[in-house]
Amino acid sequence: MTAAEPVRVRCPDCHRDHRYTSPRYPCPCGAPVAVPLLGTAEPAVLHRRIWDEEWVAVRCGECGEESDWPRPEVGCPCGTLLRPGVRTADAPPEDPERPGPAATGPQPAGAAGPEPAERVPSPRSGGSGARPVFRPVPIRTARDAVDTAARYLSWLGFGDVVPQVVHQPEPRSGFPAVPRLPAGTDLRGRGVVAQVEPSTLRTTLRDVECLWLNGLTAAATPVHFALAGYTDEALARAEDLGIPLFAVDPAGEPRPVNGPARRLTAGGPP
């Protein structure tokens with residue numbers, strides 16, 4: 001079995017410290033496998049996704065089979081996406097006397113990362129219980145991203161969440177009909193309208209404002225999910241408009257990246 005040891009990851013932009021544990025995945029032999037992390041390596045900032053870099057080969061400690069699993073990511077509340085260092089088979093052993101980059105210096109006040117899903121209080125429960133654990137599923141296709149967003153919205157407390165059918169305009173005369181995918185996929189449910197952006201481009205200011213208008217039209221809470229993160233303008237505008245933004249890592253775990261998303265995660269639907 002490959003052990004999943006927690007490491008500290010410090011965001012180079014806001015200097016928040018995050019305690020991160022690599023998720024475990026099921027090997028075909030049945031044993032859990034986790035991507036081993038380097039606690040002494042500086043995290044890389046993810047600016048743009050490249051599909052071949054989304055995966056890392058990990059050998060199962062039980063059966064010895066090597067499989068590709070999502071490369072670990074940490075979503076900082078400031079909007080930065082971080083990739084902790086990964087311990088590969090040919091990497092030299094870590095020096096236990098060397099402190100990790102996130103362990104030096106005091107941690108800023110309020111710098112703790114978001115609590116794991118299993119520790120978030122159940123909204124509207126009126127008690128001290130916790131939600132059932134959200135079970136992430138690795139994202140390998142755009143459809144996986146849409147399914148993850150739908151399951152997460154249901155986990156938050158929204159009901160009847162389904163993808164919205166997007167109708168493409170008919171091609172002009174003389175032009176062949178070429179199948180096209182929308183820039184993002186809509187999800188609709190009771191009291192919510194969501195946008196899922198599964199591409200490798202960051203979500204822009206225009207995308208956020210269009211979602212806000214859709215929410216006004218539907219009299220519903222607008223929520224956005226993105227795999228590649230958000231531009232600074234999009235983050236600022238979403239904060240002003242009160243739009244929850246979530247970053248989804250390849251492991252399939254949505255993470256709140258702004259205040260409205262953290263409040264929605266803590267309190268559930270309005």
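FYI, the numbering just counts along the sequence from 1.
- Under a 3.5 Å cut-off, the side chain of Arg59 and the backbone N or O of Gly64 do form a donor-acceptor pair.
- Interatomic distance, Arg188 CZ to Asp160 CG, rounded to the nearest 0.5 Å: 14.0 Å.
- A perpendicular orientation is assigned to the rings of Tyr152 and Phe225, their planes being inclined by more than 60° (bins at 30° and 60°).
- Judged by distance alone, the side chain of Asp68 and the main-chain N or O of Trp55 form no donor-acceptor pair under 3.5 Å.
- In this structure, the side chain of Trp155 does not engage the main chain of Ala150 through any donor-acceptor pair within 3.5 Å.
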Going through the checks in order, is the salt bridge (Lys or Arg N to Asp or Glu O under 4.0 Å) test met by Arg143 and Asp147?
CA-CA 6 Å; Arg143 180 68 191 186; Asp147 291 342; 3.3 Å; yes

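- In this structure, the side chains of Arg262 and Val257 stay at 4.5 Å or more apart for every pair of heavy atoms.
- Side chains of Val248 and Pro254 form a contact here, defined as non-hydrogen atoms less than 4.5 Å apart.
- A heavy-atom distance below 4.5 Å is found between the side chains of Leu211 and Ile243.
- Checked options Asp249, Thr200, Leu201, Ile139; the residue passing with Leu227 is Ile139 (criterion: side-chain contact (heavy atoms from CB on, under 4.5 Å)).
- Checked by atom type and distance alone, the side chain of Ser22 pairs as donor or acceptor with a backbone atom of Val35 at under 3.5 Å.
- Side-chain contact check for Leu264 versus Pro256: every heavy-atom pair is 4.5 Å or farther apart.
- Relative ring orientation between Tyr25 and Trp69 is described as parallel, the plane-to-plane angle staying below 30° on a 0-90° scale split at 30° and 60°.
- Using a 4.0 Å cut-off between charged nitrogen and carboxylate oxygen, Arg237 and Glu239 do not count as a salt-bridge pair.
- A distance-only check finds a donor-acceptor pair linking the side chain of Tyr230 to the backbone of Phe246 [under 3.5 Å].
- Taking the side chain to side chain donor-acceptor pair (under 3.5 Å) definition, one finds that Arg263 meets it with nothing, sequence neighbours left out.
- For Asp207 and Thr204, the side-chain atoms include at least one donor-acceptor pair closer than 3.5 Å.
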